[in-house]
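What follows is one structure encoded as structure tokens, with my remarks underneath.
In this text, all values refer to a predicted model and were calculated from it rather than measured experimentally. The chains referred to below are lettered A, B, ... by the order of the sequence lines, with proteins before strands, and numbering in each begins at 1.
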Number of protein chains: 2
Amino acid sequence: MSEEYEEALGKNENDLDEETLFIVSQTFKALGDPTRIRILNLLFNNEYSVNDIADILDLRQSTVSHQLSFLKNLRLVKHRREGTFLYYSHDDEHVMNMLKQTIEHANHS
Amino acid sequence: MSEEYEEALGKNENDLDEETLFIVSQTFKALGDPTRIRILNLLFNNEYSVNDIADILDLRQSTVSHQLSFLKNLRLVKHRREGTFLYYSHDDEHVMNMLKQTIEHANHS
DNA sequence: CTGATATATGCACATATGTTCATGTATGGT
DNA sequence: ACCATACATGAACATATGTGCATATATCAG
């Protein structure tokens with residue numbers, strides 16, 4: 001048994017509390033789906049309505065709406081109403097930066 | 001129809017190619033599970049054998065083994081053999097940095 | 001070679017997830 | 001009030017995912 005092991009056992013200094021674990025996993029889970037990545041990637045520079053997103057990415061309206069709802073619950077996107085239109089935009093700089101970094105990291109590999 | 005929309009339609013400058021999409025989503029998916037987060041978090045500073053990890057995190061040996069296999073396929077961890085023991089350690093600084101940042105981000109929120 | 005320990009792996013199972021269809025709600029125009 | 005358009009939502013479905021059991025493989029000691 002290593003000393004590191006003995007050091008780790010008992011103390012849960014090395015482990016994460018349940019709430020942190022939940023928030024972190026939810027955040028990454030949001031970025032773990034191709035459709036949501038495409039949507040967030042589209043929102044990097046501009047805001048778009050639900051139907052705009054569906055048309056540009058060739059997705060069903062309901063699919064986009066469900067995913068935007070998911071992202072909105074996690075406060076990764078926000079929206080602004082204009083008549084019957086809802087214009088969505090990103091709302092978490094930290095997450096958007098991670099996404100950008102990872103996309104770049106993936107592109108030159 | 002917005003100008004941004006017209007700008008985006010047709011050009012897929014705004015969309016990601018399939019391979020990038022796959023790599024990025026796989027990477028984030030790896031971080032989207034509480035068990036894998038706990039394992040990677042444990043590996044921040046030290047290497048541990050499979051049974052060490054199972055004992056410390058109170059998980060089944062097969063669960064840990066399965067998840068390490070998952071992480072190893074994505075090159076997020078590597079291992080070093082010593083007799084019958086396999087000592088696992090992290091193998092992707094970029095991913096570990098993202099994890100650390102996100103944990104800190106979650107903790108003071 | 002045998003036994004003991006450490007780890008990996010295939011299968012089965014329960015649950016989670018993503019998409020679609022159908023329909024509901026909301027807003028504005030006439 | 002009615003219709004048209006934009007979006008949301010619930011249910012159903014197929015697929016993906018995480019875990020556990022049982023078993024296979026690997027390495028070493030004797």
Once you round it to whole Å, what is the distance between [atom2] of [N] and [atom1] of [X]?
X: A:Q26; N: C:dA16; atom1: CD; atom2: P; answer: 12 Å
X: A:L31; N: C:dT17; atom1: CG; atom2: P; answer: 14 Å
X: B:F85; N: C:dT5; atom1: CZ; atom2: C1'; answer: 7 Å
X: B:E82; N: C:dA6; atom1: CD; atom2: P; answer: 13 Å
X: B:Y48; N: C:dT7; atom1: OH; atom2: P; answer: 14 Å
X: A:L86; N: D:dA6; atom1: CG; atom2: C1'; answer: 8 Å
X: A:L57; N: C:dG18; atom1: CG; atom2: P; answer: 16 Å
X: B:F28; N: C:dG18; atom1: CZ; atom2: P; answer: 15 Å

OP1 or OP2 of [N] under 4.0 Å from side-chain N/O of [X]:
X: B:R81; N: C:dT7; value: no
X: B:Y88; N: C:dA8; value: yes
X: B:R36; N: D:dT17; value: no
X: B:N51; N: C:dT5; value: no
X: A:S49; N: D:dA6; value: no

What do you reckon, is [atom1] of [X] surrounded by more than 12 foreign heavy atoms closer than 6.0 Å?
X: A:R75; atom1: CZ; value: no
X: A:K78; atom1: NZ; value: yes
X: B:F22; atom1: CZ; value: no

Handout entry: Side-chain donor or acceptor of B:S65 paired with backbone N/O of B:Q61 under 3.5 Å
Key =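 No.
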Handout entry: Donor-acceptor contact below 3.5 Å, side chain B:R36 vs main chain B:L31
Key =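 A pair under 3.5 Å: no.
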Handout entry: Residues in ring pair (Phe, Tyr, Trp, His ring centres under 6.0 Å) contact with A:H66, at least two apart in sequence or another chain
Key =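 Ring pair (Phe, Tyr, Trp, His ring centres under 6.0 Å) check on A:H66 returns nothing, list empty.
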Handout entry: Sorted by number, the residues of residues 60-75 of chain A with heavy-atom contact under 4.0 Å to DNA chain D
Key =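 Only A:Q61, A:S62, A:S65, A:H66 qualify.
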Handout entry: Gap separating the CG atom of B:L21 from the OG1 atom of A:T35, nearest 0.5 angstrom
Key =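 It comes to 8.0 Å.
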